[in-house]
Asks: 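Next up is a structure, given as structure tokens.
Chain A is the first sequence line, chain B the second, and so forth, proteins listed ahead of strands; every chain is numbered from 1.
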2 protein chains.
Amino acid sequence: MTTTNSTDAPSRPRGRPAAFDREAALQQALLVFWSHGYEGASMAELTAAMNMNKPSIYAAFGNKEELFRHALHAYTARTGSFIGKALEATSARQVVDQLLNAAAAMLTDPSHPQGCMIVQTALACGAACTEIREELTSYRQRMRQALQQRFERAQAEGDLPADAVPADLARYVAAIHQGMSVQASSGASREELQALVHVVLQQWPSR
Amino acid sequence: MTTTNSTDAPSRPRGRPAAFDREAALQQALLVFWSHGYEGASMAELTAAMNMNKPSIYAAFGNKEELFRHALHAYTARTGSFIGKALEATSARQVVDQLLNAAAAMLTDPSHPQGCMIVQTALACGAACTEIREELTSYRQRMRQALQQRFERAQAEGDLPADAVPADLARYVAAIHQGMSVQASSGASREELQALVHVVLQQWPSR
DNA sequence: TTATTTATTTACCGATTGGTAATTAAATAA
DNA sequence: TTATTTAATTACCAATCGGTAAATAAATAA
């Protein structure tokens, strides 16, 4: 049991108070990484966007690689929250509908860079960011596995044809999602992506 | 009419002969850009792979940006040749079949980096490679437009349902192709991608 | 041979990269 | 006040970045 102050009111820490808002600074870092990629984002640009000087950033978040991980965590918690919600829909078809239409909206939202951070920021990179690249790859694989499990459940519930292969359908939907991300980063509009999703849903098995 | 040597036999040029094979050197540069991206590929790594020192590279190909364009041209001419062939297939369904199955094979070919160079090498990057990024984007758009025109022709030939929208189908197939590229670079096997393509073909309209 | 032309080699350039040591500023505790 | 603790600022580091000037090597032309 550590020694704390007598009341439950939070006591101020000892030294000089931080001048930056941690969440706000992280959000700015996120935007820089999102638009320029891991190695395309320089510490100079990050310091400018976060309105912090380098030693403060390193003290608060570690080095560039750890800063990226913090930003990535903020991304999945905030921007990527629609994925978990879509997986809770009541049928496989509704999962795909909600997932891809929410993605069409998010990927083209003008309030942040276009496309998906997890697809864009380190698809190919130099030797210095191999770990980051692999981390993003495992993120994508986890999403695909979550889709596969959801489709397996759907099939067990008679929600998908018996001859459908959940693993293949999951890979298919994941590819659509990733392709939409590429096209969003190339300037595709929300309406264009929604038309794409419409094609997917029209052809979705056994509706 | 310029002055040439008297016979048709090619006369040797005046100065010291180049010690490198231009096409082979370009192929090595292509492999480096393909696996590490435009800004992830350093001139040091390129010189090592091409077995040329920097001044020779600059004399032969221009700067890094122009070298990338030369490599990109070699890529589209060699590796990307299957796209043009697929577009000549006799039906829309066969176009998609040939295009995506050939892509599944190419994207996972162990003799070169996994995935598509045009998707991978500059999706997000720093300010220094904006032009490269836009050039790759326009490559992807040209492929999508070619698909759209092919589907328009298919529809006119009764090869696609009257209510199908060629532009949307083209965007759909392009997204599949791009998503396959992302997954190939993440380690998906040829068989896994072929299973994905099977899902697409099973659901292709009006077969 | 000598002159000319082109390629390769070596050494180097300024700028930028990610990262830090040392100092100064602002808060609390005694 | 004085000591202590933490943050912000300034200045700086070695390494690497893309790119090049100058010198040397290897070919042909005369």
Side-chain angles (χ1 to χ4, degrees), chain A residues 3-7 9-22 24-25 29 32-33 36-71 121-122 125-132, chain B residues 3-7 9-22 24-26 29 32-33 36-71 122 125-132:
Chain A
T3 303
T4 63
N5 52 319
S6 53
T7 75
S11 71
R12 296 257 197 68
R14 271 290 227 113
R16 175 175 174 172
F20 63 93
D21 176 346
R22 187 181 171 91
V32 172
F33 280 126
H36 293 146
Y38 175 72
E39 59 187 358
S42 68
M43 285 307 299
E45 194 182 0
L46 287 164
T47 55
M50 299 170 76
N51 200 27
M52 294 170 69
N53 34 39
K54 279 195 279 184
S56 294
I57 295 178
Y58 279 80
F61 302 105
N63 60 12
K64 184 185 179 184
E65 198 168 323
E66 292 176 30
L67 175 59
F68 181 86
R69 289 198 181 92
H70 281 288
T121 53
C125 58
C129 62
T130 307
E131 282 195 22
I132 293 291
Chain B
T3 302
T4 64
N5 52 319
S6 52
T7 74
S11 70
R12 295 259 196 66
R14 270 291 227 109
R16 175 175 177 174
F20 64 93
D21 177 345
R22 186 181 172 90
L26 210 46
V32 172
F33 280 126
H36 292 146
Y38 175 72
E39 58 186 359
S42 68
M43 287 305 300
E45 193 182 0
L46 287 164
T47 57
M50 299 170 77
N51 200 25
M52 295 171 67
N53 34 39
K54 280 194 278 183
S56 294
I57 296 177
Y58 279 81
F61 302 104
N63 60 13
K64 184 183 177 184
E65 198 168 323
E66 290 177 32
L67 175 60
F68 181 86
R69 289 199 181 91
H70 282 288
C125 59
C129 62
T130 307
E131 280 193 24
I132 293 292

Asks: Can you tell me which nucleotide in D:dG19, C:dG18, C:dA7 comes closest to the side chain of B:Arg16?
Replies: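 Closest of the options to the side chain of B:Arg16: C:dA7.
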Asks: How do B:Gly15 and B:Tyr38 order along DNA chain D: which one's closest nucleotide is nearer the 5' end?
Replies: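 It is B:Tyr38 whose nearest nucleotide is closer to the 5' end.
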Asks: Which whole-number value in Å describes the distance from A:Leu46 CG to C:dG19 P?
Replies: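 A:Leu46 atom CG is separated from C:dG19 atom P by 11 Å.
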Asks: Might you confirm whether atom CD of B:Glu131 has over 12 heavy atoms from other residues, nucleotides or ligands at distances under 6.0 Å?
Replies: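 No - once you tally the heavy atoms of other residues, nucleotides and ligands closer than 6.0 Å, there are 12 at most.
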Asks: Using a heavy-atom cut-off of under 4.0 Å over every strand shown, decide if A:Ala128 touches base, sugar-phosphate, or nothing.
Replies: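 Result for A:Ala128 = nothing.
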Asks: What is the distance from CD of A:Glu131 to C1' of C:dG18, rounded to the nearest Å?
Replies: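 To the nearest whole Å, that distance equals 16 Å.
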Asks: Are more than 12 heavy atoms from other residues, nucleotides or ligands located less than 6.0 Å from atom CG of A:Asn53?
Replies: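 Buried by this count: over 12 neighbours within 6.0 Å.
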Asks: So which one's nearest nucleotide on DNA chain C is more toward 5', B:Ala18 or A:Ser42?
Replies: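 Final value for this comparison: B:Ala18.
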Asks: Is the backbone of A:Ala60 close enough, under 3.5 Å, to the side chain of A:Arg22 for a donor and an acceptor to pair up by distance?
Replies: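 At least one qualifying donor-acceptor pair exists.
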Asks: For the pair made of CZ in A:Phe33 and C1' in C:dG18, what is the distance, rounded to whole Å?
Replies: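 Rounding to the nearest Å, CZ of A:Phe33 and C1' of C:dG18 are 11 Å apart.
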Asks: Would you check if B:Glu45 and B:Phe33 make a side-chain contact, meaning some heavy-atom pair closer than 4.5 Å?
Replies: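 No - every pair of side-chain heavy atoms lies 4.5 Å or more apart.
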Asks: I need the OH-P distance between A:Tyr58 and C:dG19, as an integer number of Å.
Replies: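 Interatomic distance, OH of A:Tyr58 to P of C:dG19: 4 Å.
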Asks: Let's test this: given Watson-Crick or G-U wobble pairing with both distances under 3.5 Å, identify the partner of D:dA11.
Replies: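 Matched D:dA11 with C:dT20 under the 3.5 Å cut-off.
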Asks: Just wondering, more than 12 heavy atoms not from B:Asn51 lying within 6.0 Å of its CG?
Replies: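 At most 12 heavy atoms, drawn from other residues, nucleotides or ligands, come within 6.0 Å of this atom.
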Asks: Partner lookup for D:dA30, please. Criteria are Watson-Crick or G-U wobble with both distances under 3.5 angstrom; report none if nothing qualifies.
Replies: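 In the structure as shown, D:dA30 has C:dT1 as its Watson-Crick or wobble partner.
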Asks: Is there a side-chain contact between A:Tyr38 and A:Lys64 in this structure, where contact means two heavy atoms from C-beta onward sitting under 4.5 Å apart?
Replies: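 A side-chain contact under 4.5 Å exists here.
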Asks: B:Ala19 near the nucleic acid: base, sugar-phosphate alone, or nothing, with a heavy-atom cut-off under 4.0 Å?
Replies: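 Sugar-phosphate contact only.
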Asks: Quick one: A:Glu39 CD to D:dC17 P, roughly how many Å, whole number?
Replies: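 Going from CD in A:Glu39 over to P in D:dC17 covers 11 Å.
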Asks: What nucleotide, of C:dA27, D:dA26, D:dA8, holds the atom closest to the side chain of B:Pro17?
Replies: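 Taking heavy atoms from C-beta onward, the closest nucleotide is D:dA26.
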Asks: Tell me, do A:Glu39 and A:Phe68 make a side-chain contact under 4.5 Å, heavy atoms counted?
Replies: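 No - every pair of side-chain heavy atoms lies 4.5 Å or more apart.
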Asks: Could you tell me the separation between the CE atom of A:Met43 and the P atom of D:dA11, rounded to a whole number of Å?
Replies: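 Distance, rounded to whole Å: 19 Å.
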Asks: In whole angstrom, give the distance that lies between atom CZ of A:Phe61 and atom P of D:dA7.
Replies: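 So the CZ-P distance, A:Phe61 to D:dA7, works out to 12 Å.
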Asks: Which parts of residues 47-56 of chain B get close to DNA chain D, meaning a heavy atom less than 4.0 angstrom away?
Replies: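 Listed by number, they are B:Lys54, B:Pro55.
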Asks: With the side chain counted from C-beta on, respond yes when A:Met43 and A:Tyr58 share a heavy-atom pair under 4.5 Å apart, and no when they do not.
Replies: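 Side chain of A:Met43 against side chain of A:Tyr58, heavy atoms only: contact under 4.5 Å found.
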Asks: Between A:Ile57 (CD1) and C:dG19 (P), how many Å, whole number?
Replies: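 In whole Å, C:dG19 P and A:Ile57 CD1 are 11 Å from each other.
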Asks: Quick check: on DNA chain D, is the nucleotide nearest B:Lys64 upstream (toward 5') of the one nearest B:Arg14, or the reverse? Name the residue that is more 5'.
Replies: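 Its nearest nucleotide being more 5', the pick is B:Lys64.
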Asks: For D:dG19, does OP1 or OP2 lie under 4.0 Å from any side-chain N or O of B:Asn63?
Replies: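 For D:dG19, OP1 or OP2 has a side-chain N or O of B:Asn63 closer than 4.0 Å.
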